[in-house]
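Here's the structure, in structure tokens; my notes come after.
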Amino acid sequence: MDAVRIVEGNTRLVVPAGSVSGVVPPRRPAFFNPRARRTRDLAVLAAGAHAEEHSGAYLDAMAGVGARGLRVAAEAGSYDEVFLNDSNPHAVGMARQSAALNGLERVVFSTMEACRFLSEHSVRGGRGAAVDVDPFGSPASYLDCALRALQYGGMLAVTATDLQVLGGLHDAACRRIYGGVPLRTVYGAETAVRLVAGCMSAVAGRLGMGISVVYAESHMHYYRVYANLLPKPGSPRLGYIVHCARCGGRRASDAYASTCGSCGGDTKAAGPLWTGPLFDADFVDKMALRDAGQNGGAYAPYLEKCRREAAMPAAFYTLDEMASRAGTGPPPLRIMLESLRGEGFSAEATSFSPTGFRTDAPAADVCRIVSSAKSHAHKV
Ligand SMILES: [Zn+2]
């Protein structure tokens, strides 16, 4: 089998030759996407941040050639053991070679179906401090066995790549798979992440547990949600994002209201979905500290946005959207944020969109302020 060696982070990896030569990485003999390095870098930072306070095993149920899991073993520090499982023996064969290249011990390999692997860990003393589920498509069918394989306080990280379902092209499928429906809006990536987190929360609730989301991302063709498992359901975080097409208003709500509280227009709602925080500021701080040490702060501006938006309202605005509504051009983001703050509103950029921002200002005020920010930007 054709394989090549690459280095990613501080880890040497054996990967299929076809995955680094072609435009689209092939699934056979094993899948590896060199362009998904960013998500692996951030997964290593998140695992490292989590491992600072939780010891135990890291379980990668769909490890592929082991790029993420081996980097966690080599770079994230203090998990006791790393279990790399993939149903594809060719992929696991490469992961074994990579582990040997890096001199990594305490890495355990297996080639089981993902839920079978997770079920083997769903026993006293066998549960993971962290579980990663990285499927093609939706993670929904793996959430039960993933949560059962996790210790309390453990971290579950899942990937979703079913963008069309989560993006509002197949509402019936989304309701069936995730238990809620999206809306096609400029903040669709946030809605998608919240649908995935909502599904994680609902499954945890059925098992008598709860989750708290500590970090989430949307990048290229995937969404990732990282959540800690809580021993109790906690306060309900499932609700709706209610959107008014007339005034552009948007807000998280426990109930589905069909009339806009601001303008009286008809509203639509996405959900049920996770309406709680998408970031834990302390957790993101730990990721940023590790990034400074490991990557020279390559992700510092991005993680700073995540930290600052942690306590901000759900459902962001974009400059283009609100400028178009106001009949003007978009001002620079920095000036828009300053203008909103100047009027006493809170305002922060969002990590989900380069022109996105979160604010507690009503949509009518956002619309008015985008015009004044645009004319102010002309004067300076
Ligand atoms: Zn309205």
Side-chain angles (χ1 to χ4, degrees), residues 166-169 171 174-175 178-195 197-198 218 236-278 308-333 335-377:
L166 288 165
L169 293 180
D171 277 2
C174 196
R175 187 185 297 280
Y178 291 100
V181 291
L183 273 183
R184 300 184 72 178
T185 63
V186 296
Y187 52 89
E190 178 182 340
T191 312
V193 159
R194 290 186 179 280
L195 281 161
S218 156
R237 291 292 196 177
L238 285 178
Y240 299 87
I241 289 179
V242 180
H243 186 97
C244 173
R246 188 200 275 178
C247 72
R250 62 206 63 183
R251 64 188 176 85
S253 170
D254 289 345
Y256 173 32
S258 58
T259 305
C260 175
S262 297
C263 76
D266 291 340
T267 59
K268 290 184 171 174
L273 44 64
W274 176 259
T275 55
L278 293 177
R308 294 181 68 100
E309 71 180 308
M312 294 296 291
F316 62 84
Y317 295 86
T318 67
L319 289 169
D320 286 339
E321 169 207 13
M322 295 314 278
S324 147
R325 190 173 274 280
T328 181
L333 182 59
I335 292 187
M336 184 64 191
L337 297 177
E338 284 171 6
S339 302
L340 284 161
R341 290 173 192 147
E343 296 212 14
F345 298 111
S346 62
E348 297 291 351
T350 175
S351 60
F352 282 92
S353 161
T355 63
F357 59 96
R358 298 181 187 277
T359 179
D360 58 356
D365 291 287
V366 176
C367 210
R368 175 178 57 76
I369 293 168
V370 83
S371 292
S372 63
K374 177 65 181 170
S375 51
H376 177 69

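Read the numbers this way: they start at 1 and go in the same order the structure lists the ligands and their atoms.
Residue pairs meeting the salt bridge (charged side-chain N to carboxylate O under 4.0 Å, His left out) criterion with at least one partner in residues 310-327, sequence neighbours excluded, are R250-E321. Residue pairs meeting the side-chain hydrogen bond (donor to acceptor under 3.5 Å, both in side chains) criterion with at least one member in residues 355-366, sequence neighbours excluded, are E190-R358, E309-R358, S346-D360, D365-R368.
Closest non-hydrogen pair, L195 versus P272, comes out as CD2-O, 3.8 Å. Between A192 and L166, the shortest heavy-atom distance links the atoms CB-CB, 3.8 Å. For the pair F345 and P362, the tightest heavy-atom approach, listed with the atom from each and the gap, is CE2-CD, 3.8 Å.
Taking the ring pair (Phe, Tyr, Trp, His ring centres under 6.0 Å) definition, one finds that F316 meets it with nothing, sequence neighbours left out.
Taking a cut-off of 2.8 Å, the protein N, O or S atoms nearer than that to the Zn ion (ligand 1) are C244 SG, C247 SG, C260 SG, C263 SG.
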